[in-house]
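Source: prediction; values computed, not measured.
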Amino acid sequence: MPRTTTRPTADRPLAALPWEELVTSALLGTDRRPPVAPGGRVPADGPVALLNAVALHTVRRRAGLLPAVPAARPEPTPHDPRPQLPEAARHRLAQLLADRAAPTASGRRGAAPDLTELIPQWLATANRQGFRAPAALVPPLLDAARARTDLRPQALAFAGPLGLWLAALNPEWKFALRGSAGGSLVPDTSDPEAVRRLWEEGLFAERIALLDAVRAREPGAALALLTTTWSTERAEDRLMFLDSLRTGLGAGDEEFLEQALADRSRNVRATAAELLSALPSSAFAGRMAARATSCVNPDRTGAGSGAGASIAVEAPHECDAGMQRDGVAAVPPTGRGERSWWLVQLVEATPLGVWQEQFGGRPAEEIVALPVADDWAGELHAAWCRAAVRQRHPEWARALLGAASAPPAGSPGLASIAERSKLLAVLSEAERADWVAEFIAAHGLSEAFQLLGVCTVPWAGPLGRAVVDALDIARDGGSYPWSFSGVMGLAERCLDPAEADRLEVLTATPDEQEDASPGAGGYWSEAFQRLVSTLRLRAAMEAELT
């Protein structure tokens, strides 16, 4: 007769315990939380009893598992007609994405290029050439875009319909479904019904992308679309929608913006006032000009070399209801005087052409060079700087910048590098590059980082040469290169790759000078080796894609 084995009776009631109770006993330990069924006793061998009960539960759970209801198969990914990447470029992209995911060692960067920082340039070039992303590399590309928001516009455009198709299946990539810079989610803007439906039913980011797309094609149609729901939008949404009117801003927007001056939201009112001030012929600009010219006038007292040879300023004594309706903030920031606060708001909203009429047809360069009474020059010039940026006025931007070689304190406008970079952005690409090159030649690189950021890539001609020459001078100075790490990083991404040969001579370790920082020459040599290798890698990437 075969022998049978039975489990201790103390184990059997444990099968009645819920799975969660058994898990709790396992986590806390059977000594602290012995598995005991209601009405039962503590088993003699708690761990064995627990495992027996878990084994029984596991069999029951598996045997009683109901088959899942099959989900509908996803639709096939839309066809992408763009050509495939060249094989060399595909390998390069795989290398860039793999380097992004690799752990980085702490300490010195070494002489090897930072591949992660080259991904944006690679994507921009690939998109210009019209290639489509290899299917196998779309997932790591979406992972990279999830981690770095600066990559998203170019990455989503490159990933194309396959990227959106995959994002719909993976919650970690849902950012791609909120709208893409490439406009993949925007319907055909020539289809009024599709536009209306998305505007009324879409997510906020989809509606923003739609409004931008319609605005770029037909500004009046975008404004008409916005007015259909304006009164029901949230204040923060109204602000974002209003900002989209910067594209194609024109006289047809004036009536709507005048109404927005009475909006419930202070930020909406301020943005509407800013947009109206960029329309020199608007009624708003006329009202602000009348107020500003009553405060700022040619000094006609006869002082100086002739009437109007200086500027007299009488700041407003109050901020009346009309000024506040036109967006003038009555309460100044902490530490700022009320009258000067009101004055600069009036001046920066006044069309700059008004001042040339006010000062007898003088050009902007002469006006900003006039002496200003009672120490108002700083406030007045600051307001003119903001007006030049807002109105995209090259003549005034040029006048306020002054000569690049002049000391910052001697310039007619603000000495602030941040203000200068904004004024530079108003000028043409070529003029911008020439001005920054002259600035670097005169003042070096210590204050040039922000200025370089507004220059068109790649830095070619005089600008590229000025940066290389300034780096050479800094190297010969014997200090460590770390204070120039920001400019070095920019140079790796922005210098013309053709500069690599010219930089080769700087990769050698110089003789250590008596007053140089210890080991500085080696650090500079390493930095220049990295710069040269990065430029050559960029040239290779460009060749692979073209």
- Task: Please confirm whether the backbone N or O of Leu427 pairs with a side-chain atom of Arg432, one donor and one acceptor, at under 3.5 Å?
- Result: yes

- Query: Heavy atoms, side chains only, cut-off 4.5 Å: are Val195 and Leu210 in contact?
  - Reply: yes

- Task: Applying side chain to side chain donor-acceptor pair (under 3.5 Å), name anything that partners Asp472, two or more places apart in sequence or on another chain.
- Result: none

- Message: Arg502: which residues meet the salt bridge (charged side-chain N to carboxylate O under 4.0 Å, His left out) condition with it, sequence neighbours left out?
- Response: Asp469, Glu499

- Message: Test of understanding: with side-chain contact (heavy atoms from CB on, under 4.5 Å), list the residues that count as partners of Ala63, not counting sequence neighbours.
- Response: none

- Message: Gln121 and side chain to side chain donor-acceptor pair (under 3.5 Å): which single residue from Arg493, Arg538, Glu542 fits?
- Response: Arg538

- Message: Check whether His443 reaches the backbone of Ala404 with its side chain - one donor and one acceptor, N or O, closer than 3.5 Å.
- Response: yes

- Item | Arg266 atom CZ, over 12 foreign heavy atoms within 6.0 Å | no

- Query: Is there a donor-acceptor pair closer than 3.5 Å between any side-chain N or O of Arg196 and the backbone N or O of Asp191?
  - Reply: no

- Within-4.5 Å side-chain heavy-atom neighbours: Leu249 and Leu257: yes

- Message: If the condition is side chain to side chain donor-acceptor pair (under 3.5 Å), which residues does Gln391 pass it with, not counting sequence neighbours?
- Response: none

- Considering only heavy atoms from C-beta outward, does the side chain of Leu452 approach that of Ile440 to under 4.5 Å? yes

- For Arg390, which residues count as a salt bridge (charged side-chain N to carboxylate O under 4.0 Å, His left out) partner, sequence neighbours excluded? Glu348

- Message: In the structure I gave you, are the side-chain heavy atoms of Leu503 and Val468 within less than 4.5 Å of one another anywhere?
- Response: yes

- Where at least one partner belongs to residues 133-161, residue pairs that pass ring-ring contact (aromatic ring centres under 6.0 Å, His included), sequence neighbours excluded: Trp122-Phe158

- Query: Mind checking what makes side chain to side chain donor-acceptor pair (under 3.5 Å) contact with Gln129, not counting sequence neighbours?
  - Reply: none

- Can you find a pair of side-chain heavy atoms, one from Leu198 and one from Arg207, that are under 4.5 Å apart? no

- With sequence neighbours left out, which residue pairs that include part of residues 246-265 fulfil the ring-ring contact (aromatic ring centres under 6.0 Å, His included) condition? Trp230-Phe256

- Taking the side chain as C-beta and beyond, is there a heavy-atom pair between Phe449 and Phe484 under 4.5 Å? no

- May I ask you to decide whether Glu274 forms a salt bridge with Arg386, counting only side-chain N to carboxylate O separations under 4.0 Å? no

- Message: For a 4.5 angstrom cut-off between non-hydrogen side-chain atoms, does Trp165 reach Pro76?
- Response: no

- Note on the structure: ring pair (Phe, Tyr, Trp, His ring centres under 6.0 Å) filter on Trp459, not counting sequence neighbours, yields none

- Note on the structure: Taken in chain and number order and not counting sequence neighbours, the residues that satisfy side-chain contact (heavy atoms from CB on, under 4.5 Å) with Ala224 are none

- Task: Report the residues that fulfil ring pair (Phe, Tyr, Trp, His ring centres under 6.0 Å) with Phe241, sequence neighbours left out, ordered by chain and then residue number.
- Result: Trp199, Phe204

- Distance-only, no hydrogens or angles: does the Arg132 side chain make a donor-acceptor pair with backbone N or O of Arg82 under 3.5 Å? yes

- Item | Glu193 atom CD: more than 12 heavy-atom contacts under 6.0 Å | yes

- Test side-chain contact (heavy atoms from CB on, under 4.5 Å) applied to Ala329 - qualifying residues, sequence neighbours left out: Trp341, Gln345

